[in-house]
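These numbers come from a predicted model, not from an experiment. Order of appearance sets the numbers: ligands from 1, and atoms from 1 within every ligand.
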Amino acid sequence: MINFNEAPFLGTEFGFIEDAINSKHISGDGIYTKKCNNLLESYTNSPKSLLVHSGTAALEMAALLLKIKPGDEVICPSYTFVTTASAFALRGAKLVFIDIKEDTLNFDETYLEAAITNKTKAIVPVHYAGVACNMDAILDIAARYSIPVVEDAAQAVGSAYKGKKCGAIADLGCFSFHETKNISSGEGGALIINRSEHIEAAEIIREKGTNRSKFFRGQVDKYTWVELGSSYLPSDLIAAYLYPQLQQVDAINNKRMLIWNRYHCSFETFESKGIIKRPFIPNYCQHNAHMYYLRFNNIETRANFISYMKEHGITCVFHYIPLHSSPAGKKLGRSIGNMEHTNHISDTLVRLPLFHGMTEQMCEMVISYAAKFLAAQ
Ligand SMILES: *Cc1c(COP(=O)(O)O)cnc(C)c1O
C-alpha cells in the first residue's frame, strides 16, 4: 500500500510541543508563534509574517485587508483550490475566472487586461504545484491599473521567482501548512505582508479587530475594539509543531526534490512518445517539488491509470473541478474566454504519491507500475 500523501513529520516536534506546554502559554502569539514568524520573515525576506490557522485564513485576511466589498471584482484562476476564490466571495466580491497556461498550468496573464474593469480590486495568481507564476508580467499590468496582487502561495513554500521567494513578491502572500503541503502543522498558514502600510491593520484583523498586539508591545496602555476582524491566531502548540519543520524547510524540500527528479527522469521517454506530458518548469522558477503529476491525452486513459495503480495498492488522485463550472462558481463569478486549458487539465491530470516520508522503494514501485501502464498505451 502506498498512500497518496502522509503528513510530514521529523520526530523533533514532540520536544517543542512539550516546551510550549511548559511555558504555560499555549494560546496565540506565544514563543513558538514568534519564532515561526521570525523564521518566515528572514526566509522570505519580508517585513512581516503573521502565523494563522490555515491558508484559507490567510486569504480571508487578505480580502479583509484590501477592504473587498459587494460589487468589487477579484480576478483568479478557475483551476485552483476553492478558497483562492471563496475568501474574496465571502466579502461579496464577484469572481472573474481566467484560464491557465498550457505549459505551467498557472494563471495566464495574457488574459488579465481583458478581465480588468473599473471594479477590479484584487488579482490573485496561484503558484500551482509550487511553480511560480510569471510575476513580472502580472505585477506590471497590476501596477498600470493600480490593483493590488495577492499571491496564493499555499503550495509554494520555499519556491522562488528570479531568486525572490514566492509569497514575498506581490503585496500580500498566503502560505498553507495543511497536511498535504510541504511543511505542515496539520492545519496552519501564514500571511506574508510585503507592504508596511498593511502591517498594523493586519495585526488588528488577526486579533479579533482589537489593537491587542500594540498593547502587548506596550504601545498603548489598554486595548480596545478598533476595526472589523476575526480570530485567525493558531494555538502556540500548532506553532511548536511547525517550528522544527520551518527550520528544516530546505532539507524537506530537497528530499522531495529527489523523488520529483526520479519521477521526472523515469517518465521522459513516455513524454517523447506522446503518451503523457510531464510538468514544465520555466527558467525563472526554482520550484519546491510540491507536486508530481502526469497529463494524459484524455479522461478515459486517466481513469484507467488511476484504477490500474489502485489495483496495485497505489493511490493516485486528480484535482480540480474547475471553479467556473462549479455550482457556487457559476453563481458567484464569470469567466473570460473559453477556459479551454482549465477544462482539459481538469480532465487529464493525475498526481502521483509524493511526501516527505516516502522511501526510495516506494518511489521505485510507483515508477515501475506507472511505466508498465504507460508502455502498454
Ligand atoms: C491548500 C490550498 C489552499 C488552502 O489552504 P488551507 O491551509 O487548506 O486552508 C488555498 N489555495 C491553494 C492553491 C491550496 O493549494
Out of all atoms in ligand 1, which are within 4.0 Å of some heavy atom of [X]? Include the element for each.
X    : answer
T84  : 11 (N)
A154 : 2 (C), 3 (C), 10 (C), 11 (N), 12 (C), 14 (C), 15 (O)
G188 : 7 (O)
T80  : 13 (C)
V126 : 13 (C)

Q. Can you tell which of E60, Q155, M291 gets a heavy atom nearest to atom 15 (O) of ligand 1?
A.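 The nearest heavy atom belongs to Q155.
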Q. Evaluating non-hydrogen atoms only, which member of K181, H319, H127 is closest to atom 1 (C) of ligand 1?
A.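 Considering heavy atoms of K181, H319, H127, the nearest to atom 1 (C) of ligand 1 sits in K181.
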Q: Starting from the C-alpha separation in whole Å, work towards a yes-or-no answer on side-chain hydrogen bond (donor to acceptor under 3.5 Å, both in side chains) for T180 and H178.
A: CA-CA 5 Å; T180 50; H178 184 260; 2.7 Å; yes
Minimum heavy-atom distance [X]-[Y], with the two atoms named:
X    : Y    : answer
Q286 : G163 : OE1-N, 3.5 Å
S176 : V157 : O-CG2, 4.3 Å
A132 : Y161 : CB-CB, 3.7 Å

Close N or O approach ([X], ligand 1; < 3.5 Å):
X    : result
D152 : yes
S176 : yes
G55  : yes

Q | Protein heavy-atom partner closest to atom 3 (C) of ligand 1 - residue, atom, separation in Å | A |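 Nearest protein contact, heavy atoms only, for atom 3 (C) of ligand 1 is F81 CD2, 3.5 Å.
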Q) Distance only, no hydrogens: is a donor on one side chain within 3.5 Å (strictly under) of an acceptor on the other, for S78 and H324? A)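 Present: a donor and an acceptor within the cut-off.
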Q. Will you find, in the side chains of N288 and N253, an N or O donor that is under 3.5 Å from an N or O acceptor?
A.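 Their side chains do not contain a donor-acceptor pair, so the 3.5 Å distance test is not met.
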Record the part of [X] in heavy-atom contact with ligand 1 below 4.0 Å; permitted values are side chain, backbone, both and neither.
X    : answer
S54  : both
T180 : neither
T56  : both

(Q) Less than 4.5 Å apart, side chain to side chain, heavy atoms only: is that true for T12 and F16? (A)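 Yes. Closest side-chain heavy atoms under 4.5 Å.
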Q) More than 12 foreign heavy atoms under 6.0 Å from NZ of K164: is that the case here? A)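 Result for NZ/K164: open.
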Q: Using the six-membered ring wherever Trp is involved, compare the ring planes of Y263 and F267 and label them parallel, tilted or perpendicular (cut-offs 30° and 60°).
A: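 Because their plane-to-plane angle is under 30°, the rings of Y263 and F267 count as parallel.
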